[in-house]
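We count ligands from 1, going down the list as the structure has it; atoms in each ligand are counted the same way.
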Amino acid sequence: MVRYRVRGGNALRGTAFIQGAKNAVLPMIGAALLAPTGRTVLRNVPIIEDVRRAVELAEAIGAYVELHESERTLVIDASKVNSPVLPAEIARRFRGSVLFTPALLHRLGEAIVEGVGGCNLGSRNLDFHYLGYKRLGAIVDEGETVIHVKASGLTGATLYLDTPSHTGTENLIMAAALAKGTTVIENAALEPEVLDVIDMLTKMGARISGGGTGFITVEGVEELHAVEHTVMPDRLDAGVFAMAAAITGGEVSLVGTGLDLGVVRYKLEQMGVEFHRQGAVLHVRCGGPLRPINIITDTYPGFATDLQSPMMTVAALADGTSYIHERIFDGRFALAGELNKMGANVEVEGSRAVVRGRTPLTGTQVTAHDLRSGIALVLAGLAAEGETQIDSGYLIDRGHAHLAARMRALGADITREISER
Ligand SMILES: CC(=O)N[C@H]1[C@@H](OP(=O)(O)OP(=O)(O)OC[C@H]2O[C@@H](n3ccc(=O)[nH]c3=O)[C@H](O)[C@@H]2O)O[C@H](CO)[C@@H](O)[C@@H]1O
Ligand SMILES: C=C(OP(=O)(O)O)C(=O)O
C-alpha cells in the first residue's frame, strides 16, 4: 500500500516540470494498436501507474512494448496483436482500458471487455461508446460483467453523443478512422487532449476534420501506420502545481511547452493568484490572502471536473465562503469528509458544496478515494499544521508522475512510502 506523508508549512519555490498528459497518452496507446506494422514512438510519456497498466494490457493482447522510463518514451509494435480479451485483472485497474476496443475490433474483428476501471466518481456509463459501435455496424453483447463487441468491418454513419464524452469521442473517432465511408460525430468532446489524439491519428493517415468544433467528420481509410508523436503537457498536473504555489504563499515556474491553463488560471486569478508568462514558462505566485470563489464544472472549455477537488482545498484556505457545483459526475465529493477531518468546513448537498474558509488545517490520517481527491489531500497537507498521512496513495500515482520528488525539489516536506498496510 502506498502512503504519502506531508509536513506542512513550507512555501514552494522553484521550477516545476509538468508531465505529459495522462488523458492524452492513454488514447494514444490505444491508437498505436491500430497500426498493423511498424513501431510507434510516443515521447513525453508520463511515468504514471495508468501508463504501466496500459503497457501490461497491450502486452496481454500480444503487442510488443518498451517503456523507457528515464527517456519518458514508449515504443509500441502492434504487429502481433492476437488476443481480443482485455483481462479483468488489468482492465479494471484503469479507465483507459476502454480505449483498446477500437483497435481490437479493427485488427481482430472482436473485443472482449472483461471490465473497465477508473476513479470511482458515481455513475460512469459507456452507453455512448456501445451505441456508436452499433451504429457503425458492430454487434454488442452486454453481459453482466463482460462485454463482447464483434464486427466483420465497420461502416461510417452519423453518430450523436448526448453529452460530449471524452473517451467516447476518442473511441468513436478511432472506430470510424478505419470504417468504410464517412462518419459524422455530433456533440463531440472539445478537450485539448482529444485534439492531440486527432493530431496523432492524422499523422497515422486518418482523415479527420472538425476537431474542436463539436462536429467531427471522419473519412475512413484502408490502413493506418506507425508514427512518432510527442504527448501534450498535462494541464491537470500543471493546475495542481499552480495551486501548490498559491496555497503555500510560494512562487513556482511551470515548464511545459504550450501550456494553457484556461479557466483554471482565471479562477485562481480571481482568488488573488498572480500569473506571468515569460515565453514558454508560466510563473505563478501568491503573496496575499486568497479570496473565495464560485466554480461550476463543465466540459471543455469549462472548469475541468478533474481540478474540482484540488480547488476545494484551495477554497478551504480562502477567506470567506466558496460555492462549488459539480456537473459532470454524480459522486465526486468524497474529498469533503477527508478535508473536514483536517479542520475544513465543507458542506455537501447533492451536486453542490459550500466551503467556509478560512479554517486552519491540521495534519491527520486521511484517505484518497480517487486520484484527484488524493492530490487535493496532498495540497491540504502542504498548508496544514503538522503531518498529514494520505493512504491509498496508489490512486495518486495513477495520474501524477514522481510527485514526491517533484514537490521536494520545490521545498515541500513530502515522502512516499510503501507499507504492508
Ligand atoms: C481517461 C480519461 O480521459 N478520463 C477522463 C475522461 O473520462 P471519461 O471519458 O470516462 O468521461 P466522460 O466524458 O465519458 O464522462 C462524463 C460524463 O458523461 C457520462 N457518460 C459518458 C459516456 C457514456 O457513454 N455515457 C454517459 O452517460 C458519464 O457517466 C459522466 O457522468 O473525461 C472525464 C471528464 O472530463 C475526466 O474526468 C477523466 O479524467
Ligand atoms: C477521473 C479521472 O481519471 P479516469 O477517467 O482515468 O478514472 C481523473 O483523471 O481524474
Of the listed options Arg372, Lys22, Arg124, closest to atom 10 (O) of ligand 1 (non-hydrogen atoms):
Arg124
Do you know which of Arg406, Lys22, Arg372 makes salt bridge (Lys or Arg N to Asp or Glu O under 4.0 Å) with Asp237?
Arg406
Are the side chains of Met271 and Met311 in touch, meaning some heavy atoms are under 4.5 Å apart?
yes
The test is side-chain hydrogen bond (donor to acceptor under 3.5 Å, both in side chains); show your working for Asn23 and Glu191 and say whether it passes.
CA-CA 10 Å; Asn23 289 348; Glu191 268 71 15; over 6 Å; no
Counting each atom of ligand 1 from 1 as listed, which ones have a heavy atom of Thr163 under 4.0 Å away?
18 (O)
Test: Arg93 cationic atom under 6.0 Å from Tyr394 six-membered ring centre, within 45° of axis
yes
Which of the ligand 1 atoms, numbered from 1, are nearer than 4.0 Å to a heavy atom of Arg332
37 (O)
Quick one: does ligand 2 sit under 4.0 Å from the side chain of Leu121, the backbone, both or neither, non-hydrogen atoms only?
side chain
Please tell me if the side chains of Glu49 and Phe94 come closer than 4.5 Å, counting only heavy atoms from C-beta onward.
no
For atom 3 (O) of ligand 2, what's the nearest protein heavy-atom neighbour? Residue, atom name and distance, please.
Lys22 NZ, 2.9 Å
Where does Arg332 meet ligand 2, judged by heavy-atom distances below 4.0 Å: at the side chain, the backbone, both, or neither?
side chain
Is there any N or O on Asn23 that sits under 3.5 Å from an N or O of ligand 2?
no
Does any N/O atom on Asn23 come nearer than 3.5 Å to any N/O atom on ligand 1?
yes
For atom 22 (C) of ligand 1, the closest protein heavy atom turns out to be Asn125 O, 3.1 Å
Check: Arg356 side chain, Glu347 main-chain N or O, donor-acceptor pair, under 3.5 Å:
no
Can you tell me which residue and heavy atom of the protein come closest to atom 33 (C) of ligand 1, and the distance to 0.1 Å?
Phe329 CZ, 3.9 Å
In this structure, atom 6 (O) of ligand 2 is nearest to the protein heavy atom Arg398 NH2, 2.8 Å
What's the verdict on side-chain hydrogen bond (donor to acceptor under 3.5 Å, both in side chains) for Ser123 and Asp330, showing C-alpha distance, side-chain angles and the deciding distance?
CA-CA 7 Å; Ser123 40; Asp330 56 22; 2.5 Å; yes
When you measure from atom 7 (O) of ligand 2 to every protein heavy atom, which one gives the shortest distance, and what is it?
Cys119 N, 2.7 Å
For Arg372, is at least one N or O under 3.5 Å away from an N or O on ligand 2?
yes
Students should be able to answer this: which protein heavy-atom is nearest to atom 24 (O) of ligand 1, and at what distance?
Phe128 N, 2.7 Å
With a cut-off of 4.0 Å, which atoms of ligand 2 are near a heavy atom of Leu371?
8 (C), 9 (O)
Could you tell me, atom by atom, which parts of ligand 1 come under 4.0 Å of a heavy atom of His129?
24 (O)
For ligand 1, is Gly96 a contact, meaning one of its heavy atoms is under 4.0 Å away?
no
Any idea which protein heavy atom is nearest atom 14 (O) of ligand 1, and the distance to it?
Ser165 OG, 2.6 Å
State the atoms of ligand 2, each with its element, that fall below the 4.0 Å cut-off from a heavy-atom position in Arg95.
4 (P), 5 (O), 6 (O), 7 (O)
Starting from atom 25 (N) of ligand 1, what is the nearest protein heavy atom, named by residue and atom, and what distance separates them?
Asp127 OD1, 2.6 Å
Do any heavy atoms of His400 fall under 4.0 Å from ligand 2?
no
What protein heavy atom sits nearest atom 32 (O) of ligand 1, and how far off is it?
His166 CB, 3.3 Å
Could you say whether the N/O atoms of Glu191 and ligand 1 ever approach to under 3.5 Å?
no
Could you check whether any heavy atom of Arg124 sits closer than 4.0 Å to an atom of ligand 2, since that is the contact criterion I want to use?
yes
Checking a contact table here: which protein heavy atom is nearest atom 39 (O) of ligand 1, and how many Å away?
Asp306 OD2, 2.6 Å
Among protein heavy atoms, which lies nearest atom 29 (O) of ligand 1, and at what distance?
Ser123 O, 3.1 Å
Quick one: does Ile328 get an N or O within less than 3.5 Å of an N or O on ligand 1?
yes
